[in-house]
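Structure first, commentary second.
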Amino acid sequence: MLVHVDANNFYASCEKVFDPTLRDRPVVVLSNNDGVVVARSSEAKALNIDMARPYFQIADLLRRYDVRVLSSNYTLYDDMSNRLAAVYRRFTDALEIYSIDECFLSFDHVPPDRLDAEARRLRTTAGRWTGIPVGVGVAATKTLAKLANRLAKKVPANDGVCVLGDAASVRDALGRIELTDLWGVSRGFQCRLRSLGIATPLELAEADSHLVRRRLGVVGQRIALELRGQRCIPMEVIAPDKQTVCCSRSFGTETRRFDDLRQAVCTFASQAMVKLRRQDLAAGAVTVFVDTNIHAPPGVKQYHNARTTGLPTASCDTREIAAAAVRALRRVYRPGYSYKKAGVLLHRLVKRSGVQPNLFDRRDHGRAGRLMATVDRINRRFGRGAVRIAAAVPFGMAPSGLTAGRTVHWRGRCDRRSRCYTTRWDELPICYAKSA
DNA sequence: TCTGGGGTCCTAGGACCC
DNA sequence: TCTGGGGTCCTAGGACCC
């Protein structure tokens, strides 16, 4: 059997762990640039605050309800995510980290009559050791385990744990949910299913295989088979190497200037390269894209463009990638547009040990590699951007403002970020004990 | 004033190969 | 008049996920 475990209201729960004033209060966490709502505490959900709602549309409402609003603090969430994974590893070595707040675990070693008790022990331990409440679903396939987890949370009597251990309980579960509650079934997919006369998860599980394959492709077929208990989506205990690494941002203020875009692109490229080197990869190509504001009123000229620059040899050198990114930017940039967003994508990724050298390349890659390793080490110790290429600006925790004597227009807002309680010595939570 | 970011997978179509 | 069959690789775009 497989286990799916995920945190409840993850970002909001992380914030609550370290700030007692948030307890029992509605909390929402905003996306980068304080754009939209990306997490809500249970109290906030009870107020019918929508997910993905632009903040400016509901700012008044949130004030009226006295909702605590926070910018997202990924340093904190990443660390809490690692803590949860460490707890799960106590239960099995066969662990797949699926997202920042979700894992799949193999419970193949747990006898059927112990599944419920072991799942409850997992939930209790995670809650006690990290302060984060989690839900646990157990079933034969990933799709069913996700479904079980949904019921673990949705049905109060389940108390956060649901085991679908036999055909009867699976059948019962399939009758309790909507098609769009299934993993991989969006609104659009639901419409296609309806047009085939499939209106419920149970009908999908029992639909004719040939019809499903022909009309819904392999994607639909996999979902249907998984619902019948056949594993089509394997556990990935060893995380496969990334195929792309991306760093992009919406700007706090739109800009028309090439120089602003160049600075942004060089900063994003630097950041993407840190991620790349952390995984011991090198990039063979860089894509740069720029966007105008898609929410601008009608009549404002829209522009989206992307260009790729290939490298003769895959590289992990920020200087080389940033230079390639600027070359790509020159080709996408058009004067006269007001730019809202830009991004850098690294692809054709290969392991550094497997880079194919170029016959005519006489540079000293060993030296460049050592330089980058040193830069990364310094930045880990003294903070992101302590050492950087001159074309970039410090990235991350610093507030928007002046850099090298002039305003950085493009950096996003993050005015309400909580502290890095678990990763910075000077931001540790402080407890005051009442004296007797 | 204000509307996220980072991924994967599939499919179709084109270029090219033998 | 007629105009193969089988394949790879790449890219763009769309759907979907968290």
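In what follows, chains are A, B, ... by sequence order, proteins preceding strands, each numbered from 1. Computed from heavy atoms alone, side chains included, the values below leave out hydrogens, waters and symmetry copies.
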_I want to verify a distance call: between B:dT3, B:dG6, C:dC18, whose nearest atom is closest to the A:Trp183 side chain?_
C:dC18
*To the nearest angstrom, how far is A:His295 atom NE2 from B:dT3 atom P?*
7 Å
*asked:* So for atom CZ, which belongs to A:Arg331, do other residues, nucleotides or ligands contribute more than 12 heavy atoms lying within a distance under 6.0 Å?
replied: yes
*asked:* Side chain of A:Phe56 only, heavy atoms from C-beta on: which candidate in B:dG6, B:dG4, B:dC2 is closest?
replied: B:dC2
_Looking at A:Asp376 and A:Arg380, is any side-chain nitrogen of the basic one under 4.0 Å from a carboxylate oxygen of the acidic one?_
no
*Assess the pair A:Tyr88 and A:Phe91: is the distance between their ring centroids shorter than 6.0 Å?*
no
*Whole Å only: how far is the CZ atom of A:Arg249 from the C1' atom of B:dT3?*
16 Å
*Establish, with yes or no, whether the OP1 or OP2 oxygen of B:dG6 is under 4.0 angstrom from a side-chain nitrogen or oxygen of A:Thr244.*
no
_Steps toward side-chain hydrogen bond (donor to acceptor under 3.5 Å, both in side chains) verdict (A:Ser41, A:Glu43)_ = CA-CA 5 Å; A:Ser41 72; A:Glu43 300 84 357; 2.8 Å; yes
*Euclidean distance, atom CG of residue A:Leu84 to atom P of C:dC18 [Å, nearest integer]*: 17 Å
Could you list the donor-acceptor pairs under 3.5 angstrom formed between side-chain atoms of residues 132-142 of chain A and any protein atom two or more places apart in sequence or on another chain?
unit_1	atom_1	unit_2	atom_2	d
A:Thr141	OG1	A:Leu144	N	3.2
A:Thr141	OG1	A:Glu226	O	3.0
A:Lys142	NZ	A:Glu96	OE1	2.6
A:Lys142	NZ	A:Glu96	OE2	3.2
A:Lys142	NZ	A:Pro234	O	2.8

*Atom CG of A:Asn33 to atom P of B:dC2: distance rounded to whole Å?*
11 Å
*Residues A:Ser250 and A:Asn33: side-chain donor-acceptor under 3.5 angstrom*: no
_Could you tell me how far C:dC17 sits from B:dG4 if I compare only their C1' atoms? Round to whole Å._
15 Å
*Identify whether the distance between the nearest side-chain nitrogen and carboxylate oxygen of A:Arg123 and A:Asp159 falls below 4.0 Å.*
yes
*asked:* Which is more 5' along DNA chain B, the nucleotide nearest A:Gly35 or the one nearest A:Lys275? Just name the residue.
replied: A:Gly35
*Hey, what bend do you get for the helix from B:dG5-C:dC18 to B:dC18-C:dG5 if you fit axes on five pairs at each end, rounded to 10°?*
0°
*So, A:Arg278 and A:Asp78, do they make that salt bridge, N to O below 4.0 Å?*
no
_Heavy atoms from C-beta onward define the side chain here; which of B:dG7, B:dG4, C:dC18 lies closest to that of A:Lys146?_
C:dC18
*Classify the ring geometry between A:Tyr98 and A:Phe104 as parallel (under 30°), tilted (30 to 60°) or perpendicular (over 60°).*
perpendicular
*Once you round it to whole Å, what is the distance between C1' of C:dC18 and CG of A:Asn32?*
15 Å
*Please give, in whole Å, the distance from B:dG4 C1' to A:Ile100 CD1?*
14 Å
*Find the distance A:Tyr11:OH to B:dG6:P and express it as a whole number of Å.*
11 Å
*For each nucleotide in nucleotides 9-17 of chain B, reading 5' to 3', give B when a protein heavy atom comes within less than 4.0 Å of its base, S when such contact involves only the sugar-phosphate, and - otherwise.*
SS-------
*Describe the nucleic acid contact of A:Asp101 in one word from base, sugar-phosphate, nothing, applying a heavy-atom distance below 4.0 Å.*
sugar-phosphate
_A:Glu102 CD - B:dT8 P separation (whole Å)_ = 16 Å
Can you give each donor-acceptor pair under 3.5 Å made by side-chain atoms of residues 286-294 of chain A, sequence neighbours left out, with the distance rounded to 0.1 Å?
unit_1	atom_1	unit_2	atom_2	d
A:Thr287	OG1	A:Thr308	OG1	2.7
A:Thr287	OG1	A:His347	NE2	2.6
A:Asp291	OD1	A:His304	ND1	2.6
A:Thr292	OG1	A:Gln302	OE1	2.8
A:Thr292	OG1	A:Tyr303	N	2.8
A:Thr292	OG1	A:Tyr303	O	3.3
A:Asn293	OD1	A:His295	N	2.9
A:Asn293	ND2	A:Glu254	OE2	3.1

*Can you check whether A:Lys340 has a side-chain N or O nearer than 4.0 Å to OP1 or OP2 of B:dG4?*
no
_Residue pair A:Leu346 / A:Ala283: nearest heavy atoms and the distance that separates them_ = CB-CB, 4.0 Å
*Between A:Lys341 and B:dG5, is there a side-chain N or O to OP1/OP2 distance below 4.0 Å?*
yes
*Please list residues of residues 185-212 of chain A whose heavy atoms come under 4.0 Å from any atom in DNA chain B, ordered by number; otherwise none.*
none
Just list the side-chain donor-acceptor pairs under 3.5 Å for residues 196-207 of chain A, sequence neighbours left out, or say none.
unit_1	atom_1	unit_2	atom_2	d
A:Thr200	OG1	A:Glu203	N	3.1
A:Glu203	OE1	A:Ala199	N	2.7
A:Glu206	OE2	A:Arg171	NH1	2.6

